[in-house]
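Note: hydrogens, waters and symmetry copies are ignored here, and every other heavy atom, side chains too, is used. Whatever order the structure lists ligands and atoms in, that order sets their numbers, starting from 1.
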Amino acid sequence: MFKDPIFRDRVAIITGGGTGLGRAFALRFSELGARVVLASRSADHLEPACAEIRGRGGEALAAPTDVRVPEQVENMVRRTLDQYGRLDILINNAAGNFLCPAEKLSYNGWRSVIDIVLNGAFNCTRAALEPMKKQNYGRILNILATYASGASPGTVHSCAAKAGVLAMTRTLAVEWARYNIHVNAVAPGSFPTEGASSRLMLAPGAAERALRRIPVGRVGRHEELANLVAYLCSDYADYINGESVTIDGGVSWNHPSFEWENV
Ligand code: NAP
């Protein structure tokens, strides 16, 4: 999709960068010239992803971090600056989620998802501000879900957290544009990963039924999402700020009132 190494000299932190979609972003950003810092709790997730990037000739740093803990997040940013001298891009991708109707959801279950997704995204964003402000350059990209601007029966905790991150995206896009810091988001539909499938697709046949609702007839490919994220963090998207881009094969609009397919 991109001819040039659009992220040459750029440094990107990707939270949750050792697994699933975060790993796909890290590989793509590295291919496009970025030096990447992968941050999540488990070094066992981060080290293999970093090794893969280095094996392909890229530069990667593993920074074990719990995004819920501001001191650890500040340390993640400090390590990035020590190693690479700057911080250009932050991708808030780390998340936790599980299927649980609200009437069965414990206070603790609610709190833990809000803490990772909403508070974690704020902690990382807040810690990235000072270096980005000093550079007069920053691109922050939040990974939402299509339900961030709708509803998600069965995962109210994640829905509320992602909606909060969407509100943060729009608000900080206005507050921080004066520092040349742009804040955008993507709202993915179905991009199967081990994490998402094991936590959310629990009912027998759920994945097949979900697939049937997607108008384009397939789930998303990781590289399609990674290319969108890369575009939004690149100079090609300089006039996009405070936006959330949905990438879901059209499923968000598929709320059929009628059985029209066989008419
Ligand atoms: P995943 O592989 O389970 O990714 C979640 C990541 O978050 C893991 O790498 C995990 O690493 C990290 N994490 C969890 N708690 C953390 C904490 N307290 N501090 C730091 N890192 C933490 O799932 P995924 O499917 O790739 O999801 C990635 C993002 O895409 C999420 O924001 C998700 O909501 C969003 N999304 C995914 C889909 C999809 O279809 N896959 C659809 C819509 C939105 P550790 O365990 O090492 O901490």
Could you say whether the N/O atoms of V67 and ligand 1 ever approach to under 3.5 Å?
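It does: an N or O of V67 is found under 3.5 Å from an N or O of ligand 1.
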Give me the one residue out of F25, F29, Y236 that meets ring-ring contact (aromatic ring centres under 6.0 Å, His included) with F7.
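For F7, the ring-ring contact (aromatic ring centres under 6.0 Å, His included) check succeeds only for F29.
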Test applied, side chain to side chain contact (heavy atoms under 4.5 Å, CB included); reference residue, V245; option that passes from N184, L141, V229, L228
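When side chain to side chain contact (heavy atoms under 4.5 Å, CB included) is applied between V245 and each of N184, L141, V229, L228, only L228 qualifies.
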Taking 4.0 angstrom as the limit and counting only heavy atoms of [X], give me the atoms of ligand 1 inside it, by number and element.
X    : value
G195 : 3 (O)
I116 : 15 (N), 16 (C), 18 (N)
G16  : 6 (C), 7 (O), 9 (O), 12 (C)
A196 : 25 (O), 41 (N)
S42  : 47 (O)
S40  : 11 (O), 20 (C), 21 (N), 45 (P), 47 (O), 48 (O)
G20  : 2 (O), 26 (O)

Residue, atom name and distance, where the atom is the protein heavy atom closest to [atom]:
atom                    : answer
atom 4 (O) of ligand 1  : T19 OG1, 3.5 Å
atom 42 (C) of ligand 1 : G189 O, 3.0 Å
atom 24 (P) of ligand 1 : T193 OG1, 3.6 Å
atom 43 (C) of ligand 1 : P188 O, 3.4 Å
atom 20 (C) of ligand 1 : T65 O, 3.3 Å
atom 37 (C) of ligand 1 : L21 CD1, 3.6 Å
atom 5 (C) of ligand 1  : A95 O, 3.7 Å
atom 18 (N) of ligand 1 : D66 OD1, 2.9 Å

Using a 4.0 Å heavy-atom threshold (strictly under), name the region of [X] that reaches ligand 1: side chain, backbone, both or neither.
X    : result
R41  : both
N93  : both
R199 : side chain
K162 : side chain

With distance as the sole criterion, is a donor-acceptor pair present between the side chains of N142 and N92 under 3.5 Å?
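Per modelled atom types, N142 and N92 side chains form a pair under 3.5 Å.
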Cut-off 3.5 Å, side chains only: do Y147 and S252 have a donor facing an acceptor?
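Absent: no donor and acceptor within the cut-off.
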Ion pair check, [X] and [Y], cut-off under 4.0 Å:
X    : Y    : answer
R139 : D238 : yes
R35  : D88  : no
E224 : R218 : yes
R56  : E52  : yes

Shared hydrophobic cluster for M168 and L129 (ILVMFWY, side-chain gaps under 4.5 Å)
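M168 and L129: one cluster.
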I'd like to know if the side chain of N254 and the backbone of R213 have a donor-acceptor N/O pair within less than 3.5 Å.
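Confirmed, N254 side chain pairs with R213 backbone.
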Hey, is the main chain of S158 close enough, under 3.5 Å, to the side chain of N97 for a donor-acceptor pair?
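Between the backbone of S158 and the side chain of N97 there is no qualifying donor-acceptor contact (under 3.5 Å).
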With a 4.5 Å limit on heavy-atom distance, are the side chains of F98 and L200 in contact?
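They are not in side-chain contact.
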In the structure I gave you, are the side-chain heavy atoms of M76 and I13 within less than 4.5 Å of one another anywhere?
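A side-chain contact exists here, since the closest heavy-atom pair is under 4.5 Å.
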Sub-4.0 Å heavy-atom approach of [X] to ligand 1:
X    : answer
G18  : no
L144 : yes
G17  : no

Between R10 and D235, is the salt bridge (Lys or Arg N to Asp or Glu O under 4.0 Å) condition met? List the steps.
CA-CA 11 Å; R10 297 278 187 230; D235 295 345; 3.7 Å; yes
